[in-house]
Trainee: 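This is the structure I have questions about; it appears just below.
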Amino acid sequence: MNTVKVSSPYIRSIPSMVLKELQWAQPNPSYSPKSPSMLATNLIKSYFEKGSVKEARNLFDEMPERDVVAWTTMIAGYTSCNYDSLAWSMFHEMLNEGFMPNAFTVSSVLKACKGMKSYSCGALVHGLAIKYGLMGSIYVDNSLMDVYATSCCSMKEACLVFHDVNPKTDVSWTTLIAGYTHKGDGYGGLRAFQQMLAEGADQSAFSFSIAVKACALTGASSNGVQLHATILKHGLDSSLPVMNSMIDMYCWCQCPSEADHCFNEMPQKDLITWNTLIAGYKRSNSSKCLALFTSMESQGFTPNCFTFTSVIAACADLSLLTCGQQIHVDILRRGLDKNIALANCLVDMYAKCGSISDSRRIFDSLSYKDLVSWTSMMIAYGVHGYGKETVKLYNEMVRSGIQPDRVVFIAVLSACSHAGLVNEGLTYFNSMLTDYNIIPDQDIYRCVVDLLGRAGKTEAAYELIKNMPVDPNDSVWGALFGSCKAHKLPNLGKLAAQFILEARPDMAKTYLMLSNLYASEGDWGDFAKMRKLMKGLGGKKEPGCSWIVLKNDVYSFVVGDKVGPQMERVYEVLSMMVLHMDEADYVPDINCCLHDPEDGT
DNA sequence: CTAGGGTTAG
């Protein structure tokens with residue numbers, strides 16, 4: 001017999017080209033299918049590999065006989081295409097039809113549990129793995145650890161599993177380190193990495209890249225520098241993930257020249273290399289972020305959603321509306337506008353560049369809005385002073401079934417405080433505590449103190465501070481100080497200022513306001529003391545600046561600017577504005593202005 | 001025949 005029997009009902013959905021391949025392969029004597037479904041199983045796998053999920057499913061549905069391998073292929077295939085819940089229901093169906101899962105099946109379905117971040121699914125499979133005697137398979141153990149690390153808030157469960165893995169492989173260690181690191185616990189990740197070294201486990205590019213990521217999270221470069229040396233010693237600097245991680249670490253640890261050095265020395269780069277450095281510079285030097293973006297295409301790299309989110313955020317930081325609009329066009333041209341994270345970033349950019357109607361247009365165009373979309377739009381309204389709109393949006397969001405988080409409450413509370421919606425704000429604060437069990441942190445307290453303080457309820461704000469479960473930080477006291485200043489409560493103000501200066505002795509603004517307060521009371525001794533302390537800070541305080549974009553150039557101004565292009569014209573316009581202010585009987589409050597008493601500016 | 005870990009945004 002030299003042809004494949006094609007009478008099986010499931011074979012008809014196989015494309016004729018593939019059939020030819022199969023017929024050609026058949027005479028090969030080494031080819032001996034172990035089960036009747038093997039051909040179909042291999043095809044299912046290749047369908048998944050090229051993303052043809054529907055075709056894979058059709059073929060599976062038409063198989064007259066399915067074995068555990070076919071089922072496992074379906075489960076693993078769905079997961080590899082990010083259809084984790086479909087993988088999970090496949091597993092259910094398989095059990096219902098009486099099949100016994102093997103180690104392959106269990107590790108595949110555990111990967112689906114990880115994708116769903118489902119602790120309960122993971123625990124259920126854990127139980128089944130014990131029942132079927134599959135614990136002890138290194139694949140099962142490692143993937144179970146991974147599920148627990150991803151789905152539990154602590155690493156306790158993952159560590160319990162890890163403890164019993166024997167022998168531990170570099171995969172086990174990498175999974176453990178990644179568990180801590182992905183939770184944001186850089187020191188936990190580093191501790192696990194050190195333990196791994198102490199136990200003499202094999203080191204790989206995998207474990208190094210995640211360990212370097214852990215260093216990035218700690219924000220201190222000392223560990224990272226040591227790792228860098230070890231990586232060079234092991235010759236692992238040829239691994240892109242390792243070096244990309246290294247660039248990221250140097251950026252997070254404020255070592256831009258080291259990040260540049262790694263970047264320039266890399267003989268090969270990928271898109272992630274570029275994106276990592278671009279994202280790093282977005283946080284420290286937005287102009288350089290834009291410059292890198294401009295040069296990446298000439299080096300043969302095509303920007304993606306990651307690139308654009310950084311670049312759009314850089315435009316937002318620099319308030320470059322025209323630049324942001326041009327890049328937005330680029331995003332539309334490349335069809336990336338459906339990416340939700342990027343769209344959220346655009347909402348933020350337009351708001352920061354003063355074009356709130358564009359923010360709203362993008363927000364409305366989203367077919368699916370996530371928590372960040374709602375938050376971005378609420379913050380956009382908030383900074384523009386549209387408190388009522390923020391509150392409206394909050395209510396809409398809750399109605400649409402999205403659970404607000406800490407950041408949402410910061411947005412709502414600060415919007416309420418700027419719009420004078422005291423009672424609404426307090427209602428949301430209570431709802432946050434009782435309906436959503438969010439433990440208020442310093443930022444939330446600052447918002448509530450500000451809410452009360454702006455409304456003139458300074459004493460109530462002070463009472464709240466006194467009853468805080470943790471020691472209030474300088475920004476909480478700062479909110480109270482602002483209220484004391486606005487509502488002329490010098491004694492409480494002095495108290496608040498003392499607390500601020502205790503935590504932040506570098507706050508020039510606070511010394512100034514405090515000295516003005518002493519002056520108004522005729523307390524010239526304390527006045528002089530404050531001025532002296534302030535002078536001691538030297539030029540540490542960065543002056544606030546304004547700027548204007550003309551054509552493609554940004555012109556920025558600070559107080560007392562004497563040189564610069566067309567400065568005479570600037571001062572001309574300035575004096576005209578002062579005239580207008582006088583005409584409108586506007587008396588500016590210069591009490592909070594920073595000025596140098598020496599030269600009278 | 002079927003299974004595992006790492007890097008970039010928000």
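Chain letters run A, B, ... following the sequence lines, proteins first, then strands; residues in each count from 1.
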Trainee: Where does the angle between the aromatic ring planes of A:Phe263 and A:Trp274 fall among parallel (under 30°), tilted (30 to 60°) and perpendicular (over 60°)?
Mentor: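 A:Phe263 vs A:Trp274 ring planes: perpendicular.
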Trainee: Between B:dC1, B:dG6, B:dT8, spot the one nearest the side chain of A:Ala279, thanks.
Mentor: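 From the listed options, B:dT8 comes nearest.
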Trainee: Which listed nucleotide (B:dG4, B:dT7, B:dC1) is nearest to the side chain of A:Asn142?
Mentor: B:dG4
Trainee: Checking A:Phe363 now: which residues fulfil ring-ring contact (aromatic ring centres under 6.0 Å, His included) with it, not counting sequence neighbours?
Mentor: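 A:Phe363 satisfies ring-ring contact (aromatic ring centres under 6.0 Å, His included) with A:Trp374 once adjacent residues are dropped.
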Trainee: Below the 4.0 Å mark, does B:dT2 have OP1 or OP2 next to a side-chain nitrogen or oxygen of A:Lys45?
Mentor: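 Yes, such a contact exists.
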Trainee: Tell me, which of residues 250-274 of chain A have any heavy atom that sits under 4.0 Å from an atom in DNA chain B?
Mentor: A:Ile272
Trainee: Per the atom types in the model, does the base of B:dG4 pair as donor or acceptor with the side chain of A:Ser143 at under 3.5 Å?
Mentor: no
Trainee: Quickly work out the A:Asp170 CG to B:dG5 C1' distance and round it to whole Å.
Mentor: 8 Å
Trainee: Got a salt bridge between A:Arg334 and A:Glu297, using NZ or NE/NH1/NH2 to carboxylate O under 4.0 Å?
Mentor: yes
Trainee: Should the pair A:Asp248-A:Lys213 be classified as a salt bridge under the 4.0 Å nitrogen-to-oxygen rule?
Mentor: yes
Trainee: When you check the phosphate oxygens OP1 and OP2 of B:dG4, does a side-chain N or O of A:Lys114 lie under 4.0 Å from one of them?
Mentor: no
Trainee: From B:dG5, B:dG4, B:dT7, pick the nucleotide closest to the side chain of A:Thr175?
Mentor: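 Minimum distance to the A:Thr175 side chain belongs to B:dG5.
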Trainee: With a 4.0 Å cut-off on heavy atoms, is A:Ser310 in touch with a base, just the backbone sugar-phosphate, or nothing at all?
Mentor: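 A:Ser310: backbone/sugar contact only, no base atoms under 4.0 Å.
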Trainee: Counting only non-hydrogen atoms, which of residues 102-109 of chain A are less than 4.0 Å from DNA chain B?
Mentor: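 A:Asn102, A:Ala103, A:Phe104, A:Ser107, A:Ser108 - these, ordered by number, are the residues of the stretch whose heavy atoms sit under 4.0 Å from the strand.
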Trainee: With sugar-phosphate meaning primed atoms plus P, OP1 and OP2, does A:Thr375 contact a base, only sugar-phosphate, or nothing at under 4.0 Å between heavy atoms?
Mentor: nothing
Trainee: Whole-Å distance between B:dA9 C1' and A:Phe308 CZ?
Mentor: 13 Å
Trainee: Roughly how far, to the nearest 0.5 Å, is the NZ atom of A:Lys45 from the OG1 atom of A:Thr41?
Mentor: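 Reported to 0.5 Å precision, the distance equals 11.0 Å.
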Trainee: Expressed in angstrom and rounded to an integer, what is the separation of A:Tyr281 atom OH from B:dT8 atom C1'?
Mentor: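 To the nearest whole Å, that distance equals 16 Å.
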Trainee: Closest approach to the side chain of A:Ile138, judged atom by atom: which nucleotide of B:dG5, B:dT7, B:dG4 is it?
Mentor: B:dG4
Trainee: Go through residues 76-87 of chain A and report each residue with a non-hydrogen atom lying under 4.0 Å from DNA chain B, sorted by number.
Mentor: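 A:Ala76 - these, ordered by number, are the residues of the stretch whose heavy atoms sit under 4.0 Å from the strand.
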Trainee: Picking from B:dA3, B:dT8, B:dG6, which would you name as closest to the side chain of A:Phe206?
Mentor: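 Nearest to the side chain of A:Phe206 among the choices is B:dG6.
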Trainee: What nucleotide among B:dT8, B:dT2, B:dG4 has an atom nearest to a side-chain atom of A:Lys111?
Mentor: B:dG4
Trainee: Using whole Å, what does the distance between atom P of nucleotide B:dC1 and atom CG of A:Leu59 come to?
Mentor: 19 Å
Trainee: If you check the A:Asn42 side chain, which of B:dC1, B:dA3, B:dG6 turns out closest?
Mentor: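 Closest of the options to the side chain of A:Asn42: B:dC1.
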Trainee: Of all the choices, B:dG5, B:dG10, B:dT7, which nucleotide is nearest to the side chain of A:Val372 once you look at every atom?
Mentor: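 Nearest to the side-chain atoms of A:Val372, counting from C-beta on, is B:dG10.
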Trainee: So that I can tick it off, tell me whether A:Arg361 and A:Asp358 are bridged by a salt bridge, with the cut-off set at under 4.0 angstrom between side-chain N and carboxylate O.
Mentor: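 Answer for the salt bridge query: yes.
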Trainee: Provide, to the nearest angstrom, the distance between the CZ atom belonging to A:Arg66 and the C1' atom belonging to B:dC1.
Mentor: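 My rounded result for the distance is 17 Å.
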Trainee: Without decimals, in angstroms, what is the distance between A:Ile177 CD1 and B:dT7 P?
Mentor: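 Going from A:Ile177 (CD1) to B:dT7 (P), I get 12 Å.
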Trainee: Please tell me if A:Lys282 has a side-chain N or O lying less than 4.0 Å from either OP1 or OP2 of B:dT8.
Mentor: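 Checking A:Lys282 against B:dT8: no side-chain N or O falls below 4.0 Å of OP1 or OP2.
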Trainee: Any salt bridge between A:Lys111 and A:Asp146, counting N to O under 4.0 Å?
Mentor: no
Trainee: Between A:Lys288 and A:Asp260, does at least one N-O distance fall below 4.0 Å, as a salt bridge requires?
Mentor: yes
Trainee: Got a sec, which pairs hit salt bridge (Lys or Arg N to Asp or Glu O under 4.0 Å) with one end in residues 193-202 of chain A, sequence neighbours left out?
Mentor: none
Trainee: Measure from the side-chain heavy atoms of A:Thr72 and tell me the nearest of B:dG4, B:dA9, B:dT2.
Mentor: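 The answer is B:dT2, which lies nearest to the side chain.
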Trainee: Rounded to whole angstrom units, what separation is found between the CH2 atom of A:Trp173 and the C1' atom of B:dG5?
Mentor: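 Interatomic distance, CH2 of A:Trp173 to C1' of B:dG5: 14 Å.
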Trainee: Atom CE of A:Met38 to atom C1' of B:dC1: distance rounded to whole Å?
Mentor: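 Atom-to-atom, A:Met38 to B:dC1, this comes out as 5 Å.
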Trainee: Over all strands shown, is A:Thr181 touching base, sugar-phosphate only, or nothing at heavy-atom distances under 4.0 angstrom?
Mentor: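 A:Thr181: no heavy atom of the nucleic acid under 4.0 Å.
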Trainee: Using a 4.0 Å heavy-atom cut-off across all strands, classify A:Asp348 as base, sugar-phosphate, or nothing.
Mentor: nothing
Trainee: Where along residues 291-307 of chain A does a heavy atom fall under 4.0 Å from DNA chain B?
Mentor: A:Phe306
Trainee: Consider the side chain of A:His182, meaning its heavy atoms from C-beta on, and name the nucleotide among B:dA9, B:dG4, B:dG6 that approaches it most closely.
Mentor: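 Nearest to the side chain of A:His182 among the choices is B:dG6.
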